[in-house]
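Residue numbers run from 1 in the order of the sequence given. Given the structure is predicted, the values throughout are model-derived calculations rather than measurements. Numbering of ligands and ligand atoms starts at 1, following listing order.
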Amino acid sequence: MPITPQEGQEPLGAGPLSLAKIAARGFLSLFRPQSSLPRGTNVALKVDVTSSDTLREKRVPRGQVETHRWPVLHAGTTPEVDLARWDLTLFGAVTSPVTFDWTQFRGLPKTAVFADMHCVTRWSKLNNTWEGVLVREVMKHVELDPKAKFVVAHAEHGFTTNLPLEDFFGDDCLFAWSHDGEALEPDHGWPLRLVVPRLYAWKSAKWLRGIEFLDHDEPGFWEQNGYHNHGDPWKEERFW
Ligand SMILES: Nc1nc2c(c(=O)[nH]1)N[C@H]1C(S)=C(S)[C@@H](COP(=O)(O)O)O[C@H]1N2
Ligand SMILES: [Mo]
């Protein structure tokens with residue numbers, strides 16, 4: 001795997017116990033008092049792409065609770081990322097791998113996507129405006145092997161998550177560096193996270209470093225630890 005971890009990173013180690021702790025943290029964070037105005041309160045952002053789920057009459061899927069804050073949820077610790085040494089590589093079932101450094105990536109055409117976010121620990125955060133580069137835009141630079149059918153997103157610390165190519169190519173899927181008009185905070189995935197709005201948020205890998213294309217499906221981190229392989233919130237595809 002051509003991903004060089006940033007210095008000082010420990011690989012993810014999460015047994016069933018620490019996963020239970022993470023799930024509890026996600027649930028409890030719903031009840032933490034909110035300290036300041038919601039982010040983006042004074043920002044009127046132009047939206048280029050509207051995720052179709054935001055047009056539903058009832059936007060909170062069954063079993064979810066709407067939150068107006070933004071919980072932080074992940075396994076392991078937040079990495080410190082050095083942009084000078086950062087890159088994003090698309091590899092696997094492609095004619096030749098493609099790597100972007102930070103400057104090259106930020107030079108790609110920018111898009112703002114309006115979307116909802118659903119975490120399997122039962123919070124939903126509606127009305128997010130993400131800015132970054134659409135998956136479809138980035139994929140103009142990659143020649144896929146016709147046998148590519150699945151994607152594994154690779155993040156710092158060795159975190160992975162898998163999804164079918166079809167979901168990855170969703171018109172609302174993007175690589176995001178900004179949320180509601182502000183740069184992503186490190187805890188939320190700075191400098192770059194994948195955003196797949198129509199699947200549960202564990203597919204939206206924070207601290208993204210690579211996209212691997214495969215001819216077969218390969219369950220990622222949460223998927224190997226009990227989460228559903230696909231994760232459609234409207235079908236409550238939560239666990240196995
Ligand atoms: N790298 C990485 N990305 C991750 C995770 C993780 O553990 N590691 N957890 C996922 C889960 S379960 C959720 S709900 C969202 C939460 O994003 P947030 O912390 O910005 O709210 O990040 C997802 N992305
Ligand atoms: Mo989650």
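- One side chain, Asn162 or Asp217, offers a donor N or O that lies under 3.5 Å from an acceptor on the other.
- A donor-acceptor distance shorter than 3.5 angstrom exists from the side chain of Thr160 to the backbone of Phe221, with no hydrogens or angles considered.
- Remark: Arg106 qualifies as a cation-pi partner of Trp177 under the 6.0 Å distance and 45° angle criteria applied to the six-membered ring.
- With ligand atoms numbered from 1 in the order given, ligand 1 contributes 3 (N), 24 (N) to contacts under 4.0 Å with heavy atoms of Ala205.
- Within the structure, the closest approach of Ser204 to ligand 1 falls below 4.0 Å when heavy atoms are considered.
- Looking at atom 17 (O) of ligand 1, its nearest protein heavy atom turns out to be Arg193 NH2, 3.1 Å.
- The residue from Tyr200, Trp123, Tyr227, Trp202 that puts a heavy atom closest to atom 12 (S) of ligand 1 is Trp202.
- Proximity of a side-chain donor or acceptor of Asp48 to a complementary backbone N or O of Ala112 within less than 3.5 Å is detected.
- Ligand 1 has an N or O atom lying under 3.5 Å from an N or O atom of Pro71, backbone or side chain.
- Aromatic ring pairs are classed by plane angle as parallel below 30°, tilted from 30° to 60° and perpendicular above 60°; the pair Phe91 and His154 is tilted.
- At a heavy-atom cutoff of 4.0 Å, ligand 1 is contacted by both the backbone and the side chain of Ala201.
- One option in Arg209, His74, Lys206, His179 has a heavy atom closer to atom 19 (O) of ligand 1 than any other, and that option is Lys206.
- Those atoms of ligand 1 with a heavy atom of Ala75 less than 4.0 angstrom away are 6 (C), 7 (O).
- Counting only N and O atoms by type, the side chains of Glu237 and His230 include a donor and acceptor under 3.5 Å apart.
- Side chain of Glu212 to main chain of Val152: no donor-acceptor pair is present (N/O by atom type, distance under 3.5 Å, no hydrogens or angles).
- Atoms of ligand 1 lying under 4.0 Å from at least one heavy atom of Cys119, given by number and element, are 14 (S).
- The ligand atoms of ligand 1 that sit less than 4.0 angstrom from a heavy atom of Ala155 are 1 (N).
- Side chain of Thr50 to backbone of Phe114: no donor-acceptor contact under 3.5 angstrom is found.
- Salt bridge status for Asp53 with Arg198: absent, with no side-chain N to carboxylate O gap under 4.0 Å.
- With a heavy-atom cut-off of 4.0 Å, Glu156 does not touch ligand 1 at all.
- Contact analysis puts Met117 in contact with ligand 1, with a non-hydrogen atom separation below 4.0 angstrom.
- Every atom of ligand 1 with a heavy atom of Val72 under 4.0 Å away is listed here by number and element: 19 (O).
- Side-chain contact annotation: Thr161 with Glu223, donor-acceptor N/O pair under 3.5 Å present.
- By the criterion of a heavy-atom distance under 4.0 Å, the side chain of Trp222, and not its backbone, is placed next to ligand 1.
- The shortest N or O to N or O distance between Leu73 and ligand 1 is under 3.5 Å.
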